[in-house]
Amino acid sequence: MALQRMISIAALLLASSAFARSEVAPGIHLIRGRFVPGTQPDGNTVIFAAPDGLVVVDTGRHAQHTQTLLDFAASEKTPIAAVVNSHWHLDHIGGNDLVRHAFPKVTIYASDALAAARTGFLASYHRQLEEMIASKTTTPEAAARFRTEAALIDDAAQLAPDIVIDTPGVRKIAGREFEVGLERFAVTAGDVWLFDRQGGVLASGDLVTLPAPFLDTACAPRWKESLDRIGKKNFELLIPGHGPPLTHRQFDVYRAAFSNLLQCASSDATKASCIDRWINGIAPLIRPDEQTFTRSLMDYYVDVLRRPVAETAKLCKG
Ligand SMILES: [Zn+2]
């Protein structure tokens with residue numbers, strides 16, 4: 001009984017903190033994306049108050065995450081005027097359609113990279129989902145999750161941008177000025193970051209992710225160059241694609257760990273030692289109880305970094 005009670009309290013705490021929203025700077029809010037081992041993550045959502053409404057960076061994947069965003073807009077009595085997608089991964093664009101339904105006048109900004117992903121990575125992911133749904137070993141709960149995921153890909157036209165960001169530079173979005181970065185062939189073929197110089201906050205998308213970099217669609221060496229470019233910006237707070245906000249000094253810790261990881265993966269060092277190097281590097285940025293999960297992610301991602309050049313070349317083109 002006591003154990004059962006503890007479990008339900010833990011579940012409650014998880015549920016209540018899962019979509020926790022906080023004000024990270026005046027007029028700038030963060031909805032933390034969930035990352036529960038064994039399930040697909042939601043990316044962080046950053047919300048800027050702007051003269052013409054809210055400017056939102058990324059809309060999450062699961063409906064619960066996006067609903068937290070819609071509830072916030074309702075509580076502020078302010079429409080979502082614009083969404084800026086940092087990149088096309090489903091944990092960042094998955095909520096676009098719900099936002100469009102709630103705010104039909106919203107303008108969605110993103111790079112052009114989703115189009116190629118729809119015929120490439122997402123098409124093959126869709127085929128994998130279909131196979132898993134059809135598999136006799138898949139539980140009904142898992143099959144339902146896979147169907148929701150496949151439906152997102154079917155819906156990709158609704159997730160696509162209204163305005164394509166094809167050059168970096170300063171631009172006004174919903175009446176607020178931002179420096180908009182565009183990184184080619186880093187985490188994806190087109191990664192967008194947003195720097196609000198007035199508030200000193202930079203939303204980096206998955207160019208910074210804790211507790212591990214998601215390297216599946218990445219060109220690692222160019223990703224490193226992007227981090228070096230971002231490091232030159234004088235932000236006070238960086239909101240990563242996943243994980244807690246970082247000060248500039250904490251970002252430098254992440255950047256050094258990333259660089260060390262690449263160096264290790266391209267050397268003869270064992271996988272275990274590269275994982276240790278990553279864990280030691282980012283130890284100041286994660287909770288001790290996240291280390292086991294981080295190790296399991298890196299057990300996969302060091303192999304990803306060591307894929308043959310022929311496989312990764314297409315991710316680095318351009
Ligand atoms: Zn992500």
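First listed ligand is number 1; within each ligand, the first listed atom is number 1.
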Side-chain atoms of residues 232-241: list all donor-acceptor pairs with protein atoms under 3.5 Å, sequence neighbours left out, distances to 0.1 Å.
residue : atom : partner : partner atom : Å
K233    : NZ   : E179    : OE2          : 2.7

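Sorted by chain and number, the protein atoms of type N, O or S within less than 2.8 Å of the Zn ion (ligand 1) are D91 OD2, H92 NE2, D206 OD2, H242 NE2.
The one candidate from H62, R34, H242, Q40 that meets the side chain to side chain donor-acceptor pair (under 3.5 Å) condition with D91 is H242.
The side chain to side chain contact (heavy atoms under 4.5 Å, CB included) check on R249 picks up T247, with sequence neighbours excluded.
Salt bridge status for D52 with R176: absent, with no side-chain N to carboxylate O gap under 4.0 Å.
The other residues sharing a hydrophobic cluster with L122 are W88, L90, I93, L114, F121, Y125, L129, M132, I133, F146, L152, I153, L159, where clustering joins ILVMFWY side chains under 4.5 Å apart.
Of all the heavy atoms in A220 and F258, the pair that sits closest is O-CE2, 3.9 Å.
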